Amino acid sequence: MALSLKDLNLVDNVYSFGGAYIMALDSGTTSVRAVIVDEYGCIVAQSSRSLKCSYPRPGWVEQDPMEILASQIAIMMEVQFKSGIHSDSIAAVGISNQRETTVVWDRDSGQPIYNAIGWQCRRTAPLAQRLVDEGYTDLIRSKTGLTPDAYFSATKLAWILDNVSGARELAEAGRLMFGTIDTWLVFNLTGGTVFATDYTNASRTMLFNIHTLEWDDELLEILNIPRCMLPEVQSSSSEFGRISHEVMTHAPVIAGVAGDQQASLFGHCCFEPGQAKNTYGTGCFLLMNTGNAVVESSNGLVATIGIAEGGTVSYALEGSIFHAGSVIQWLRDKLGIISKASETSDIALSREDNGGCYLVPAFSGLGAPWWDPAAQGIICGLTGASDRASIVRAACESMAYQSFDVLRAMEADAGVRLGELSVDGGASRNEFIMQFQADLLGIPVVQSASVETTALGAAYLAGLAVGFWEDREEVKQNRDVAKRFEPTMADERRATNLAGWHAAVDRARSAR
Ligand code: ADP
């Protein structure tokens, strides 16, 4: 039998950690990814596959949980084949996932009883409104840090129990399991042996008490959800269970799980209170680390669990923007005025300014800091000189304006002034948007070298749990900046732009 590289001692670190690499899965909304990370935090291989969303009715968003699972497993295999790095070299696996998206499945058959209800889905807006009308806002806010909204998992889960035939009876008989996408993946990847989530994902359900760190019986009762459906909750950086041999021959352990935004905050090494990041993906997600304090927002932001690692739980303030990169998809798929997202930066830069044209993408209401579910999308300020470039530029600018509003609200709540903003996500590769963001905020915008900061965060969490990296200091050595965008815009122009934007937001809010 031929000697292998390991026998020849040429890959000497393979067994020193029980594996020389970490695999991280990033189960996003529009795509799933698998990456392999080395000890320097470098991504040495990656694979991805896009996912479908369905829109059965206006405002409804669904995905097929089996497609998510099958795609995830396929690319876990693909990335191993592509790289030649197989499961005997993988020390641990980390998972980051789209949050809030809700799956309910049968405990025995493992089959979902309904499609996954997506985080963007608004079908439960009436139920969320009922919680507000019945006076539960303060209670929910004080326990979960969240403002009652259809966005979080709780009302989606209640909807499935109330609308899928037989679901409630099965749930009460202990036959159904609820999970966000992390739980769905962990359950299936471990061959149905582990039913668990982490603190960050739990904190996005609107059923989890972020102070006591437990599922909250009072909220479960209000929403009529049986507790037996809910997974165990554990630290984001801890051993969840081994991946079954069928999926990865050497069955590495899943040792890191976090919601994508929290994983990204960790991946940016925003370990200190006051540090913040913005992810420009389908939506925009801005998180600021607030340390061990739950900061109550008076500006419509939510408090959430930032990460649970190394025996401590840290909190974060979060602002979510529902439509960011999705606006670019809308330009491509619905208006047909661009052919691919990557051309928007040059098109926007072909104009010196926005010519007074603003696009407020309130396609499903407005999120933080406005939380106005009735706001409607508008394009305003059009003149005879307006053209395709004006609209593309206004769409790009809308990501930066919305982020500006959230960030200023966050600073007011936390009582800090940000020094810089770390960025990632697909649309953070748009140089026009990043420069415009720095100009609006008046602080540097720092783009990490890796666009996969979310996956990196999951890798760091898994690696820290198994001793692949010793501590956060060691992880920080890996931080690599691609580009800093320094603010250059004159104050007067910034003020004019912002005034125009806020007037447009007022119109979107009164458009109904
Ligand atoms: P998610 O994780 O939410 O699936 P990604 O981080 O992969 O999203 O980013 C994809 C989104 O970013 C899409 O909505 C796409 O339209 C947008 N996007 C990608 N590249 C660019 C670009 N160069 N300029 C503007 N938007 C972009």
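Both counts, for ligands and for their atoms, begin at 1 and track the order of listing. For reference, positions follow the sequence shown, starting with 1. These numbers come from a predicted model, not from an experiment.
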Steps toward salt bridge (Lys or Arg N to Asp or Glu O under 4.0 Å) verdict (D149, R122)
CA-CA 9 Å; D149 194 86; R122 303 302 302 168; 2.9 Å; yes

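For an aromatic pair to be called close, the ring centres must be under 6.0 Å apart, and F322 with Y151 satisfies this.
Residue pairs meeting the ring-ring contact (aromatic ring centres under 6.0 Å, His included) criterion with at least one partner in residues 42-75, sequence neighbours excluded, are W60-W159.
Heavy atoms from other residues, nucleotides or ligands lying under 6.0 Å from NZ of K52 number 12 at most.
Taking R351 as the reference, D387 meet the salt bridge (Lys or Arg N to Asp or Glu O under 4.0 Å) condition, with sequence neighbours excluded. In this view, E78 satisfies the salt bridge (Lys or Arg N to Asp or Glu O under 4.0 Å) rule with no residue, not counting sequence neighbours.
Protein residues with any heavy atom under 4.0 Å from ligand 1: T29, T30, R33, G281, T282, G325, S326, I328, Q329, A341, S342, T344, G425, G426, A427, N430.
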